[in-house]
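Reviewing the structure listed below.
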Amino acid sequence: QVQLAESGGGLVQPGGSLRLSCAASGRTLSPFSMGWFRQAPGKEREFVAAISWFGGSTSVVGRFIISRDNAKNTLYLQMNNLKPEDTAVYYCAATTVRGVPLDTARIYDSWGQGTQVTVSS
């Protein structure tokens, strides 16, 4: 399977920006799509954004931009104009499933351990 490791989380003030990274290792040569999910305290894990192997992407948070560098086997989430409600543990995920919506956690095979993002003044 693909091993994933998130980084880049931390404490940021409202309105600030942060870039999360997710390094993939293992079976990284097979085509796979990747996504970002987040889980706030007391809430269920929710979909944030996803990107295909060839770069097609979608995001439910307009302030966030997902991208990937296949040569570096790295996924990114550029988070701009952060709000306190963005506070959560952010997880990256990977799946080899194709032809299905990528906003459902169940289709992802590999998950990182998460990185904490805290937005507070």
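Numbers for residues simply follow the sequence, beginning at 1.
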Grab the two heavy atoms, one from Leu75 and one from Cys92, that are nearest each other, plus how far apart they are.
-> CD2-CB, 3.9 Å
Do you see a donor-acceptor pair shorter than 3.5 Å between the side chains of Asp69 and Thr74?
-> no
Could you check whether the rings of Tyr91 and Trp111 sit parallel, tilted or perpendicular, using 30° and 60° as the cut-offs?
-> perpendicular
Stepwise, does the side chain to side chain contact (heavy atoms under 4.5 Å, CB included) test hold for Tyr76 with Leu20?
-> CA-CA 5 Å; Tyr76 303 99; Leu20 305 183; over 6 Å; no
Enter the distance from Arg68:CZ to Ser52:OG here, rounded to the nearest 0.5 Å.
-> 7.0 Å
Proximity of Trp36 and Phe64 rings by center, below 6.0 Å | no
Indicate yes or no for a side-chain donor-acceptor contact from Asn70 to the backbone of Trp53 under 3.5 Å, with no hydrogens or angles considered.
-> yes
Indicate, with yes or no, if Leu82 and Ile65 share a hydrophobic cluster defined by side-chain heavy-atom contacts under 4.5 Å among Ile, Leu, Val, Met, Phe, Trp and Tyr.
-> no
Side chain Arg45, main chain Arg38, donor-acceptor under 3.5 Å | no
Ring centroid separation Phe47 to Phe37 under 6.0 Å = yes
Within the side chain of Thr87, is there an N or O that forms a donor-acceptor pair under 3.5 Å with the backbone of Glu85?
-> no
In this structure, CZ of Arg63 is separated from CG of Asn81 (nearest 0.5 Å) by 6.0 Å
Please tabulate, one pair per line, all N/O donor-acceptor pairs under 3.5 Å involving side-chain atoms of residues 54-61, not counting sequence neighbours.
from  : atom 1 : to    : atom 2 : distance (Å)
Ser59 : OG     : Val61 : N      : 3.2
Ser59 : OG     : Val61 : O      : 2.8

When rounded to the nearest 0.5 Å, the distance separating CD1 of Ile107 from OG of Ser33 is 7.5 Å
Among the clusters formed by ILVMFWY side chains lying less than 4.5 Å apart, do Ile51 and Val97 turn up in the same one?
-> yes
With a cut-off of 6.0 Å (strictly less than), are more than 12 heavy atoms of other residues, nucleotides or ligands near CD of Gln113?
-> no
Residues passing the side chain to side chain contact (heavy atoms under 4.5 Å, CB included) test with Ala5, sequence neighbours excluded, are none
Show which side-chain atoms of residues 114-121 pair as donor or acceptor with protein atoms under 3.5 Å away, not counting sequence neighbours.
from   : atom 1 : to     : atom 2 : distance (Å)
Thr115 : OG1    : Gly9   : N      : 3.2
Gln116 : NE2    : Ala88  : O      : 3.4
Gln116 : NE2    : Thr118 : OG1    : 3.4

Test Gln78 against Ser17 for side chain to side chain contact (heavy atoms under 4.5 Å, CB included), laying out the working first.
-> CA-CA 7 Å; Gln78 179 64 48; Ser17 298; 3.9 Å; yes
Per the side-chain contact (heavy atoms from CB on, under 4.5 Å) rule, which among Leu4, Thr95, Ile66, Leu102 passes with Met34?
-> Leu4
Is a side-chain N or O of Arg98 found less than 3.5 angstrom from the main chain of Phe32, in a donor-acceptor match?
-> no
Nearest 0.5 Å, what's the CD-OG distance between Glu6 and Ser21?
-> 10.5 Å
